[in-house]
Novice: 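Let me give you the structure first, and then I'll get to my questions.
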Amino acid sequence: MTNNKNVLRVLNGFLELSTSEKIELKKEIDDLIISGVLTNEYTNLSKKREISVKMSANLGPTNNNNCKCCGRG
């Protein structure tokens, strides 16, 4: 297993997801790779903006504001 702390943080968050969330995340990652984020900086920035907009949307009350990846609140 990797020693890269960023990768480990994301893997830890992945393990905190439900089975259906894991499946959804894998599909989203596959779609990102197909879209060209690994090779195209413009696509990468565009997808980051899209994710940022969705993450900042008001999701209403939630049970847990802690980060799924690192556990910080």
Side-chain angles (χ1 to χ4, degrees):
M1 181 172 285
T2 185
N3 289 319
N4 182 309
K5 298 292 185 190
N6 289 330
V7 172
L8 291 170
R9 188 174 295 120
V10 172
L11 287 174
N12 184 60
F14 176 79
L15 294 173
E16 294 293 325
L17 298 174
S18 68
T19 299
S20 62
E21 290 170 325
K22 288 174 184 169
I23 292 167
E24 184 176 354
L25 177 62
K26 183 188 179 307
K27 180 195 174 302
E28 292 293 337
I29 290 172
D30 290 344
D31 290 348
L32 281 172
I33 291 169
I34 290 168
S35 76
V37 297
L38 298 178
T39 58
N40 186 312
E41 187 63 26
Y42 175 77
T43 301
N44 190 39
L45 291 172
S46 175
K47 293 296 182 181
K48 284 178 80 169
R49 279 193 292 271
E50 183 180 340
I51 291 167
S52 179
V53 166
K54 288 189 175 207
M55 287 182 65
S56 65
N58 184 353
L59 302 176
T62 59
N63 290 339
N64 189 346
N65 291 328
N66 292 346
C67 175
K68 289 281 192 187
C69 293
C70 68
R72 291 187 206 166

Novice: Hey, is Lys27 close enough to Glu24 for a salt bridge, meaning N to O under 4.0 Å?
Specialist: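 Salt bridge absent between Lys27 and Glu24.
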Novice: Can you tell me how far CD of Glu50 sits from CE of Met55, rounded to the nearest 0.5 angstrom?
Specialist: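 So the gap between those two atoms works out to 13.0 Å.
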Novice: State, to 0.1 Å, how close Thr43 and Val37 come at their nearest heavy-atom pair, and which atoms those are.
Specialist: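 Result for this residue pair: CG2-CG1, 3.9 Å.
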Novice: Distance check, rounded to the nearest 0.5 Å: Asn44 atom CG versus Thr39 atom OG1?
Specialist: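 Taking CG in Asn44 and OG1 in Thr39, the distance rounds to 9.5 Å.
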Novice: Quick check for you: to the nearest 0.5 Å, what is the distance between Lys26 atom NZ and Leu17 atom CG?
Specialist: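 It comes to 14.5 Å.
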Novice: Any side-chain heavy atom of Glu41 within less than 4.5 Å of one from Leu45?
Specialist: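 Sidechains of Leu45 and Glu41: in contact.
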Novice: Treat each ILVMFWY residue as a node, draw an edge where side-chain heavy atoms are under 4.5 Å apart, and state whether Ile29 and Leu38 are in one component.
Specialist: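 Result: yes, single cluster for both.
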Novice: Which pair of non-hydrogen atoms, one from Phe14 and one from Lys22, has the smallest distance, and what is that distance?
Specialist: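 Phe14 and Lys22 have their closest heavy atoms at O-CE, 3.2 Å.
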Novice: Side chains of Asn12 and Arg9: do they bring a donor and an acceptor to under 3.5 Å?
Specialist: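 Arg9 and Asn12 do not have a side-chain donor-acceptor pair below 3.5 Å.
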Novice: Could you grab the distance from atom OG of Ser20 to atom CG of Leu25, nearest 0.5 Å is fine?
Specialist: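 Reported value, rounded in 0.5 Å steps: 11.5 Å.
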Novice: Where the side chain of Ser52 meets the backbone of Arg49, is there a donor-acceptor pair that is under 3.5 Å apart?
Specialist: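 No; judged by distance alone, with no hydrogens or angles, the pair does not exist.
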